[in-house]
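Read the numbers this way: they start at 1 and go in the same order the structure lists the ligands and their atoms. Numbering of residues begins at 1 and proceeds along the displayed sequence.
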Amino acid sequence: MTRYGVVGPGAVGTTIAYELAQASKDVQLLGRSDKRMEYDPGNSQSCTTLGVTDIKKAETSFDVLFIAVKAHQLNAVMHDLERLIGENSIVILAQNGYRDLNRLPIKHVYQAVVYISGQKDGNTVTHYRDEILHLQRDARTQQLKQELDDSGLHIELENNIESTIWYKLLVNLGINSVTALGNDTARVLKVDGMRELVRHLINDGLRVAQAEGIQFETTLIDDIMNIYDGYPDEMGTSMYYDIKDRKTLEVDYIQGYIYEKAREHKLETPYLDTIYTLLLAHQV
Ligand code: NAP
């Protein structure tokens with residue numbers, strides 16, 4: 001039986017572990033300490049409790065390890081990885097943003113594009129919607145998808161994951177930046193001029209993506225604005241909550257990553273530069 005591990009008992013990790021456990025998979029949820037997480041699956045299903053094992057105590061080598069910590073928390077997990085994976089293990093980074101996977105000392109590592117919406121508050125996770133991970137298609141991920149077909153965790157395979165990663169980066173660039181800096185939920189889009197600002201910001205990001213060789217439909221900005229229009233006013237983003245809770249932001253892996261790429265391509269990106277600099281001022 002495939003042994004699944006999930007590092008990071010937060011909104012994303014607990015949802016993954018819950019869905020695997022519901023399908024009777026062999027799964028262990030690992031965190032910074034032994035504890036129990038209350039999990040509200042949403043859709044009027046009853047709440048449940050999931051056990052969390054201190055990652056330092058885990059000795060098992062997992063066949064598939066999902067890592068669902070915030071992007072800046074990955075370095076701390078790397079110290080524990082040696083004990084948790086073997087030669088043939090698959091490691092799936094279930095986190096937002098972009099990083100160069102070639103720099104990680106992991107043989108079979110995949111960047112997932114995460115469509116799971118939820119929030120952690122203390123030891124309680126509330127799941128709002130979706131349980132989808134997009135992954136690059138290859139023999140390993142095809143087998144994984146097959147194994148998880150009977151679970152509520154949906155794997156979508158992509159022929160070019162780079163485009164999917166960039167699409168999510170641009171979606172996050174717009175809404176995460178203005179909810180965080182505007183100090184409000186998706187309601188912030190109703191402020192006069194905010195939609196224009198968001199469109200300019202995404203356009204800066206789009207030009208960087210294009211310079212990186214990523215092709216999008218000409219309707220991309222309208223498409224992203226349509227996605228935002230579907231958000232309830234009270235919906236926050238992770239960067240909004242992180243800034244509110246004075247937590248470290250994932251800015252280096254979203255806005256910062258696009259900013260660095262813009263410099264490499266010698267592009268002028270005034271909206272991105274302004275937003276990125278203001279976000280850096282909030283970094284703790
Ligand atoms: P989260 O709720 O803050 O969960 C992160 C979890 O990782 C926390 O439980 C944290 O432990 C744990 N952790 C941190 N360092 C660790 C370590 N060294 N060893 C073990 N566990 C560790 O974050 P999230 O919202 O699930 O987000 C995870 C990633 O998914 C982020 O990149 C986020 O941007 C992305 N994402 C989130 C959503 C969403 O709706 N939440 C949607 C799409 C993508 P503590 O509890 O001790 O802090």
(message) Looking only at distances, can you tell me whether any N or O atom of R32, backbone or side chain, sits closer than 3.5 Å to an N or O atom of ligand 1?
(response) yes
(message) Considering G13, G10, G31 one by one, which has a heavy atom nearer to atom 21 (N) of ligand 1 than any of the others?
(response) G31
(request) Scan K247, K70, H282 and name whichever one has a side chain to side chain donor-acceptor pair (under 3.5 Å) with D242. (result) K70
(request) Among all protein heavy atoms, pick the one closest to atom 36 (N) of ligand 1 and tell me residue, atom and distance. (result) N96 ND2, 3.6 Å
(request) Could you check atom 2 (O) of ligand 1 against the protein and tell me its nearest heavy-atom contact, residue, atom and distance included? (result) A11 N, 3.1 Å
(message) Give me the atom names and distance for the closest heavy-atom approach of R199 to M225.
(response) NH1-CG, 3.6 Å
(request) Please lay out, stage by stage, how R32 and Q73 fare under the test side-chain contact (heavy atoms from CB on, under 4.5 Å). (result) CA-CA 11 Å; R32 289 197 261 218; Q73 296 170 329; 3.8 Å; yes
(message) One thing to verify: whether R3 and D26 come together as a salt bridge, which I'm taking to mean a side-chain N less than 4.0 angstrom from a carboxylate O.
(response) no
(message) I need the atoms of ligand 1 closer than 4.0 Å to a non-hydrogen atom of A94, numbered in the order shown.
(response) 29 (C), 30 (O)
(request) Could you tell me if any non-hydrogen atom of H72 lies under 4.0 Å from any atom of ligand 1? (result) no
(message) Checking R263 against T269: is there a side-chain donor and acceptor pair closer than 3.5 Å?
(response) yes
(request) Apply the test side-chain contact (heavy atoms from CB on, under 4.5 Å) to residues L133 and Y110: give CA-CA distance (whole Å), side-chain angles for both, the deciding distance (0.1 Å), then the verdict. (result) CA-CA 11 Å; L133 298 180; Y110 296 84; over 6 Å; no
(message) Just by distance, no angles: are the side chains of Q22 and S151 close enough, under 3.5 Å, to form a donor-acceptor pair?
(response) no
(request) Measure the distance from atom 41 (N) of ligand 1 to every protein heavy atom, then report the residue, atom name and distance (to 0.1 Å) of the closest one. (result) G118 O, 3.1 Å
(request) Please check if any side-chain donor atom of T126 sits under 3.5 Å from a side-chain acceptor atom of Q119, or the reverse. (result) no
(message) Looking only at the side chains, is there a donor atom on one of N203 and Y271 sitting less than 3.5 Å from an acceptor on the other?
(response) no
(message) Starting from atom 8 (C) of ligand 1, what is the nearest protein heavy atom, named by residue and atom, and what distance separates them?
(response) K120 CE, 3.8 Å
(request) Write out the residue and atom name of the closest protein heavy atom to atom 42 (C) of ligand 1, then the distance separating them to 0.1 Å. (result) I116 O, 2.8 Å
(request) Report yes or no: is the cationic atom of K168 (NZ for Lys, CZ for Arg) closer than 6.0 Å to the six-membered ring centre of Y115, at no more than 45° off its axis? (result) yes
(request) Decide whether an N or O pair under 3.5 Å exists between Q95 and ligand 1. (result) no
(request) Report yes or no: does a heavy atom of S33 sit under 4.0 Å from some atom of ligand 1? (result) no
(request) Just need the protein heavy atom nearest to atom 18 (N) of ligand 1, so name the residue and atom and give the distance. (result) V77 CG2, 3.7 Å
(message) Using heavy-atom distances only, which candidate in M37, E250, K56 approaches atom 33 (C) of ligand 1 most closely?
(response) E250
(message) Please determine whether a side-chain nitrogen of the Lys or Arg among D80 and K57 lies less than 4.0 Å from a carboxylate oxygen of the Asp or Glu.
(response) no
(request) Could you say whether the N/O atoms of Q119 and ligand 1 ever approach to under 3.5 Å? (result) no
(message) Just by distance, no angles: are the side chains of T15 and Y39 close enough, under 3.5 Å, to form a donor-acceptor pair?
(response) yes
(message) One residue to check: K35. Relative to ligand 1, which of side chain, backbone, both or neither has a non-hydrogen atom less than 4.0 Å away?
(response) side chain
(request) May I ask whether K168 places a heavy atom under 4.0 Å from ligand 1? (result) yes
(request) May I ask you to check whether V12 has an N/O atom sitting below 3.5 Å from an N/O atom of ligand 1? (result) yes
(message) Under a 4.0 angstrom heavy-atom cut-off, which atoms of ligand 1 come close to V114?
(response) 43 (C), 44 (C)
(message) Considering both backbone and side-chain atoms of V7, is one of its nitrogen or oxygen atoms within less than 3.5 Å of a nitrogen or oxygen in ligand 1?
(response) no
(request) Among all protein heavy atoms, pick the one closest to atom 27 (O) of ligand 1 and tell me residue, atom and distance. (result) K70 CE, 3.9 Å
(request) Could you see which bit of A68 sits under 4.0 Å from ligand 1, with heavy atoms only: side chain, backbone, both or neither? (result) backbone
(request) Please step through side-chain contact (heavy atoms from CB on, under 4.5 Å) for the pair L104 and R99, ending with a clear verdict. (result) CA-CA 9 Å; L104 297 178; R99 72 172 69 240; 4.0 Å; yes
(message) Between Q143 and E147, is there a side-chain donor-acceptor contact under 3.5 Å, judged purely by atom types and distance?
(response) yes
(request) Please write down residue, atom name and distance for the protein heavy atom closest to atom 22 (C) of ligand 1. (result) V69 CG1, 3.5 Å
(request) Give the numbers and elements of all ligand 1 atoms closer than 4.0 Å to a heavy atom of S117. (result) 40 (O)
